[in-house]
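Since the structure comes first, as structure tokens, the remarks are kept for the end.
Convention: sequence-line order gives letters A, B, ...; per-chain numbering from 1. In what follows, every heavy atom counts, from backbone to side chain, and hydrogens, waters and symmetry copies are set aside.
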Amino acid sequence: MRTILTPILLFICVFIVFDVSGQEQRFPKPEFETGYEQPSPTTPEPRGLAMEWVDVIVLLSVLSLASWLAVKRRSRRGILWLSLFTLGYFGFYRLGCICPIGAIQNVSLALFDPVYKISATVLIFFLLPLIFTLFFGRTFCAGACPLGAIQDLLVINPVSVPLRVRKTLGFIPYIYLGFAVLFAATGTEFLICRYDPFVGIFRMDAPYLMIVIGIAFLLLAMVFARPYCRVFCPYGVLLSWISRFSKWHLRITPADCIKCRLCENSCPFDAIEKPVDEKLRTIPTVKQNLRLFSIYALLIPVWVILGGFAISKSNIFLSRAHPDVYLAELLITHPEIKDDAENIDVQTFLESGKSMEQLVNEASVIRKKFRTGGWFLGGFLGLVIGIMIMNQFIIRKKTEYEPHKGDCFSCGRCMEYCPVEKKPPLNTLDKSL
Amino acid sequence: MDVCFLNRLIIRRMKEVKKHNRRDFINQGMRITIGVSLAGLAAAAASRTTSSKWVWQIDPFKCTQCGRCATDCVKNPSAVKCVHAYDLCGYCDLCGGYFKAGVSELETGAENQLCPTAAIERKYIEEPYFEYIINEELCIGCAKCVKGCTAFGNGSLHLQIRHDLCANCNECSIARVCPSDAIVRVPADEPYLIKGDFTS
């Protein structure tokens with residue numbers, strides 16, 4: 001039955017559309033006598049359409065090469081050249097879009113918006129670096145991210161930042177990630193793309209503000225290495241946590257660390273962890289720390305609930321970011337705005353024939369989404385705060401100079417400073433016997 | 001060699017190995033957990049996947065000619081241009097898209113033209129018909145002609161995103177501010193919505 005109905009329905013649809021367009025024609029098309037040939041509008045093809053799968057292959061190769069260079073080949077020079085290629089290809093040639101950082105939003109939108117469908121290549125772009133990080137650490141940041149590459153090349157005189165300042169600034173990416181996901185999931189906007197500081201530089205053309213932010217970031221990068229990666233990058237949150245449990249990771253020394261301290265200041269990102277002073281691990285301190293650790297661990301649910309409550313309660317304020325909610329609120333609080341002929345949004349709404357009730361209904365649906373989403377976002381941020389405070393009291397045993405697996409971008413600068421020669425692996429137990 | 005010392009050494013080593021193993025075990029467990037959740041995320045998103053790529057386009061029937069296409073594109077000048085659906089054109093002498101409303105004489109002087117950049121070329125064909133061609137090099141996508149043509153004519157002039165110019169941003173910066181939500185994602189194999197060529 002359905003197979004018979006479909007062509008009939010289609011025919012009716014086509015008929016109606018033609019009929020309508022026929023009615024619209026106020027001045028019918030003339031019949032020309034001089035043999036005039038009517039041109040047809042040109043439709044230039046989208047740029048680089050076939051390139052999307054090429055991009056996936058390039059990303060896969062660059063990630064593999066970066067991982068090999070960082071973990072196996074241990075070549076800083078190789079990583080440097082690779083990042084130059086990435087900057088040229090993904091940055092200036094492919095104009096920085098689509099990138100895994102922005103793909104976070106496409107994935108969120110696809111999961112929450114029943115209408116939106118995500119392009120397969122975008123999903124692969126989102127997942128590939130995460131999978132590589134699970135095995136090799138953040139080699140994506142070192143070699144395959146154009147945003148990282150442009151900042152990394154400008155590391156000139158990096159200053160060391162105290163741990164407490166770094167930890168506090170390190171909370172910003174979580175906030176950014178949380179809000180980016182909430183805004184994408186509610187269909188409000190793509191925050192990460194709107195405030196991408198470098199895409200304007202890749203395109204060599206951008207609005208004024210974008211250029212100013214981009215150049216400010218690049219100037220800052222000379223003294224505070226990789227400012228975007230360390231203080232803002234929302235994708236870095238995912239990479240950092242996955243990298244902590246990676247199977248392999250870049251190591252400073254090819255064999256055993258001799259604690260010569262040569263690499264101590266080699267990392268521009270303060271990502272090298274020194275051996276822990278055994279005095280800090282005496283039994284009374286460890287016990288005291290363990291007590292504090294458990295107290296703060298028990299406090300985590302409180303943080304989660306507090307955070308969720310706070311953000312969910314601010315749904316009225318947050319939902320104003322959505323243009324529909326903003327418009328509805330504007331029309332209710334300032335009804336006189338309807339006479340303002342300059343306000344395009346209001347005038348368009350008034351001419352659209354949509355009723356005020358409809359608009360308010362739509363706005364309240366969006367606001368409800370913000371209220372629910374606020375619980376998740378606030379809970380997430382509360383959890384992060386709780387874990388950050390709790391982790392202060394863990395002092396892990398460390399006997400070597402090692403990169404912090406979460407913070408290390410696998411750029412490989414430290415490897416050049418290590419004087420230890422590579423030697424064939426020995427079974428450590430046999431050796432000590 | 002002192003047997004007692006050797007013994008102590010072995011015990012210490014074994015303790016270290018054991019501790020090492022515990023950390024490895026936790027790491028491996030977390031690795032598997034992360035791997036499984038990534039796979040889950042991929043599976044959830046995969047059901048919402050399409051093989052085609054999206055590009056941005058303007059639905060000319062939703063467009064209200066507000067003029068933001070000229071000002072809000074990340075490209076300067078905008079990647080939005082006016083296109084002419086010749087099939088719908090009446091080839092009028094008094095063109096609502098070409099002349100300002102209320103011109104006394106149908107002269108092609110700049111003071112009579114609606115287009116701020118004189119991007120519309122008017123060409124005589126035969127009495128009393130004229131052809132109007134958009135010079136895209138000059139067009140800035142301000143939609144003034146579109147407004148005139150839609151109000152007084154057939155609406156054959158309308159805006160389209162030109163894909164040889166469009167950067168195809170992840171989120172179109174004009175779509176964000178479009179008051180009538182006329183900018184939509186369309187499949188890249190049918191990247192244009194030219195009036196008369198598509199059914200909405």
Any side-chain heavy atom of [X] within less than 4.5 Å of one from [Y]?
X         : Y         : answer
Ser40(A)  : Tyr86(B)  : no
Tyr129(B) : Tyr36(A)  : no
Val83(B)  : Thr43(A)  : no
Cys89(B)  : Gln38(A)  : no
Arg244(A) : Ile34(B)  : no
Cys169(B) : Arg203(A) : yes

Q) Less than 4.0 Å between a side-chain N and a carboxylate O, is that true for Lys75(B) and Asp205(A)? A) no
Q.
I need the residue from Leu111(A), Leu327(A), Leu134(A) with the largest number of non-hydrogen atom pairs under 4.5 Å to chain B.
A. Leu134(A)
Nearest 0.5 Å, what's the [atom1]-[atom2] distance between [X] and [Y]?
X        : Y         : atom1 : atom2 : answer
Lys29(A) : Asn154(B) : NZ    : CG    : 11.0 Å
Thr49(B) : Lys117(A) : OG1   : NZ    : 8.0 Å
Gln65(B) : Ile344(A) : CD    : CD1   : 12.0 Å

Neighbour count above 12 (heavy atom, 6.0 Å) for [X] [atom1]:
X         : atom1 : answer
Phe135(A) : CZ    : no
Tyr208(A) : OH    : no
Tyr116(A) : OH    : yes
Glu342(A) : CD    : no
Glu190(B) : CD    : no
Tyr326(A) : OH    : no
Lys144(B) : NZ    : no

Side chain, backbone, both or neither: which part of [X] has a heavy atom under 4.5 Å from chain B?
X         : answer
Ile98(A)  : side chain
Lys247(A) : both
Glu189(A) : both
Ser119(A) : both
Asn106(A) : side chain
Pro28(A)  : backbone
Thr42(A)  : both
Leu109(A) : side chain
Gln105(A) : side chain

Which bit of [X] comes within less than 4.5 Å of chain A, counting heavy atoms only: side chain, backbone, both or neither?
X         : answer
Ser156(B) : neither
Arg31(B)  : both
Ile125(B) : both
Cys166(B) : backbone
Ser173(B) : neither
Asp164(B) : both
Thr150(B) : backbone

Q.
Check whether Arg26(A) reaches the backbone of Gly153(B) with its side chain - one donor and one acceptor, N or O, closer than 3.5 Å.
A.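 Answer holds: yes.
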(Q) If we ignore hydrogens and angles and just use 3.5 Å, is the side chain of Asn27(B) paired with the main-chain N or O of Phe245(A) as donor and acceptor? (A)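 Side chain of Asn27(B) to backbone of Phe245(A): no pair is present.
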So which of [options] has the biggest tally of heavy-atom pairs under 4.5 Å with chain A?
options                        : answer
Val55(B), Leu38(B), Asp72(B)   : Leu38(B)
Asp87(B), Ile161(B), Asp181(B) : Asp87(B)
His84(B), Gln28(B), Arg176(B)  : Arg176(B)

Which pair of heavy atoms, one from [X] and one from [Y], lies closest together, and at what distance?
X         : Y         : value
Phe190(A) : Glu171(B) : N-OE1, 3.0 Å
Ala85(B)  : Pro41(A)  : CA-CG, 4.4 Å
Pro114(A) : Arg48(B)  : O-NH2, 2.7 Å
Gly102(A) : Asn170(B) : O-ND2, 3.4 Å
Ile118(A) : Ala45(B)  : CG2-O, 4.0 Å
His163(B) : Pro44(A)  : CB-O, 3.7 Å

Q.
Please determine whether side chain to side chain contact (heavy atoms under 4.5 Å, CB included) holds for the pair Val115(A) and Arg185(B), giving the CA-CA distance in whole Å, both sets of side-chain angles, and the decisive distance to 0.1 Å.
A. CA-CA 11 Å; Val115(A) 186; Arg185(B) 289 186 178 89; over 6 Å; no
Q | Residues of residues 121-133 of chain A contacting chain B, heavy-atom criterion under 4.5 Å, by residue number | A |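 Listed by number: Leu123(A), Phe126(A), Leu127(A), Leu130(A), Ile131(A).
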